[in-house]
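In this text, all values refer to a predicted model and were calculated from it rather than measured experimentally.
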Amino acid sequence: HPSSYELRVFIGFDGLRITDSCGGKEGSLYVYSRQSGRLISHHPDARTRLGLSAGGSTFCQGLTIIIDDIGGNLPLNPTKQEVAFGEEDNGAMHEENLMAWIGSVTHFFYHFHLKKCNDKKTVLTTKITKFGDIVLQKHRQLKTLDSSHLTTYELSFKSIGKSIRADKSSANQILGADTLYRLGADRSRTTAASASTTGATRRKRKT
C-alpha cells in the first residue's frame with residue numbers, strides 16, 4: 001500500500017520491573033523517534049490504548065512494548081518532543097490504525113507465552129520474576145537492539161470483529177541468538193502431552 005511504512009516493534013517481559021514494588025506491572029508502551037533520536041513517548045499502562053483487555057492482571061507481568069520509528073514516519077510536534085498525529089491530514093485514522101496493529105502483535109506475543117504456562121498468569125509471573133537476576137549475573141554488557149539478532153515471528157493476520165488478530169495456527173517463530181532468556185513450556189504441560197502421545201501410540205499398536 002502506498003501509505004504503508006517500515007516500523008520495528010520489540011516486545012518482551014521486564015524481569016526487573018516486575019520485582020519493583022513501586023513500579024507498575026501493566027503493559028507499558030515506549031515510542032522512540034529516529035527524527036529526534038530519543039524516547040519521545042511513554043505510556044505506563046497502554047492496554048486500553050492498544051485495544052487490549054485492561055481488567056485484572058492480563059497483559060501485565062512487566063509486559064513491555066517498544067516502537068522504533070525506524071523510517072522516521074511518525075508525526076511529531078514542532079519541538080519534536082511528542083508524537084502529534086493532529087499535525088497531519090487523517091492523523092486520527094493514522095493513530096487508530098497504528099495502535100490496532102501494535103495491539104494485534106502484542107496480543108499474539110502475550111498469549112503465545114502464556115500458553116507455555118498452561119494459560120496460568122501466576123506461573124508466567126513466577127518465571128519472569130526470575131529473569132532479571134539471570135540477565136544481570138550472566139550478561140553484564142548487553143548488545144544494542146540494532147546489533148542484536150533477536151527472536152522474530154512470521155505472522156499472518158485476520159479481522160475478528162473490529163479487531164486485528166494474528167493467525168496463531170500459521171505463526172512461525174525464528175529463534176534469535178541474542179535472545180538471552182526464553183520462556184519454555186511448563187513441565188506439567190509437556191509431561192501431559194507426552195503421556196497423551198504415548199497412550200495414543202500404544203492404543204494404535206493394539207489395534
Side-chain angles (χ1 to χ4, degrees), residues 9-30 42-67 102-140 142 145 148-158 160 163-201:
V9 181
F10 300 92
I11 307 176
F13 295 99
D14 190 337
L16 298 178
R17 179 158 63 94
I18 198 174
T19 59
D20 184 355
S21 59
C22 299
K25 312 300 186 291
E26 299 83 4
S28 294
L29 175 65
Y30 299 81
H42 172 222
H43 301 274
D45 185 355
R47 292 177 295 174
T48 299
R49 186 176 180 82
L50 297 176
L52 304 171
S53 172
S57 59
T58 305
F59 301 108
C60 293
Q61 293 78 43
L63 181 65
T64 303
I65 306 102
I66 299 174
I67 296 177
I102 301 301
S104 70
V105 294
T106 301
H107 184 277
F108 163 79
F109 180 88
Y110 182 84
H111 284 286
F112 180 84
H113 289 89
L114 184 62
K115 186 177 181 181
K116 297 178 181 179
C117 303
N118 286 331
D119 291 318
K120 295 179 179 179
K121 288 176 283 187
T122 53
V123 176
L124 179 61
T125 298
T126 300
K127 289 187 175 184
I128 297 170
T129 299
K130 300 175 181 177
F131 169 46
D133 291 338
I134 293 176
V135 171
L136 292 178
Q137 290 171 9
K138 296 184 178 181
H139 306 277
R140 293 293 180 178
L142 302 178
L145 290 178
S148 298
H149 296 282
L150 302 175
T151 297
T152 58
Y153 300 86
E154 293 179 345
L155 304 172
S156 59
F157 297 87
K158 57 185 178 182
I160 300 179
S163 301
I164 303 170
R165 291 291 177 257
D167 183 359
K168 298 177 184 178
S169 63
S170 62
N172 180 35
Q173 182 185 51
I174 304 172
L175 295 177
D178 295 321
T179 299
L180 302 180
Y181 183 75
R182 300 167 184 168
L183 288 172
D186 188 60
R187 289 185 178 182
S188 61
R189 179 173 178 268
T190 304
T191 303
S194 299
S196 176
T197 302
T198 303
T201 303

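Contact detail for Ser104 and Phe157: the closest heavy-atom pair is OG-CE2, 3.6 Å. Among all heavy-atom pairs drawn from Arg47 and Cys60, the shortest one is NH1-SG, 3.4 Å. Contact record, Gly27 with Ile65: C-CD1, 4.4 Å, taken as the closest heavy-atom pair. Taking every heavy atom of both residues into account, Leu52 and Gly103 meet most closely at CD2-O, 3.6 Å.
Sorted by first and then second residue, the salt bridge (charged side-chain N to carboxylate O under 4.0 Å, His left out) pairs involving residues 48-59 (not counting sequence neighbours) are Arg49-Glu95. Evaluation of the salt bridge (charged side-chain N to carboxylate O under 4.0 Å, His left out) test over residues 105-114, restricted to residues two or more places apart or in two chains, returns none.
Counting only heavy atoms from C-beta outward, the side chains of Pro44 and His42 approach each other to under 4.5 Å. At a threshold of 4.5 Å between non-hydrogen side-chain atoms, the residues Val9 and Thr106 do not count as touching.
A distance of 3.5 Å separates OH in Tyr110 from CD in Gln61, rounded to the nearest 0.5 Å. Put simply, NZ on Lys158 and CD1 on Ile160 are 5.0 Å apart, with the number rounded to the nearest 0.5 Å. Taken from CZ in Phe109 to CD in Gln173, the straight-line distance is 9.0 Å, to the nearest 0.5 Å. The CG atom of Leu180 sits 8.0 Å away from the OG atom of Ser148 when rounded to the nearest 0.5 Å.
Remark: the backbone N or O of Gly184 is paired with a side-chain donor or acceptor of Lys127 at under 3.5 angstrom.
Here Asp119 pairs with Leu114, Lys115 under the side chain to side chain contact (heavy atoms under 4.5 Å, CB included) rule; sequence neighbours left out. Ser163 meets the side chain to side chain contact (heavy atoms under 4.5 Å, CB included) test with Arg165; sequence neighbours excluded. Checked against side-chain hydrogen bond (donor to acceptor under 3.5 Å, both in side chains), Thr126 has no partners two or more places apart in sequence or in another chain. His111 pairs by the ring-ring contact (aromatic ring centres under 6.0 Å, His included) definition with Phe59, His107, not counting sequence neighbours. Applying the side-chain hydrogen bond (donor to acceptor under 3.5 Å, both in side chains) test to Asp20 and every residue at least two apart in sequence or in another chain returns nothing. Annotation: side-chain hydrogen bond (donor to acceptor under 3.5 Å, both in side chains) contacts of Ser53 (sequence neighbours excluded): none. For Phe112, the ring-ring contact (aromatic ring centres under 6.0 Å, His included) partners at least two apart in sequence or on another chain are Phe108, Tyr153. Partners of Thr152 under the side chain to side chain contact (heavy atoms under 4.5 Å, CB included) rule, at least two apart in sequence or in another chain, are Ile174. By the side-chain hydrogen bond (donor to acceptor under 3.5 Å, both in side chains) test, Thr179 is found to be paired with Thr151, residues two or more places apart in sequence or in another chain being considered.
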- Message: Does Asn118 form a side-chain contact (heavy atoms from CB on, under 4.5 Å) with Val123? I'd like the steps, not just the answer.
- Response: CA-CA 8 Å; Asn118 286 331; Val123 176; over 6 Å; no
Side chains of residues 10-19: which donor-acceptor partners sit under 3.5 Å, not counting sequence neighbours?
from	atom 1	to	atom 2	distance (Å)
Asp14	OD1	Leu16	N	2.9
Asp14	OD1	Arg17	N	3.0
Arg17	NH1	Gly24	O	2.8
Arg17	NH1	Glu26	O	3.0
Arg17	NH1	Ser28	OG	3.3
Arg17	NH2	Gly62	O	3.1
Arg17	NH2	Leu63	O	2.7
Arg17	NH2	Thr64	OG1	3.0
Thr19	OG1	Leu16	O	2.9

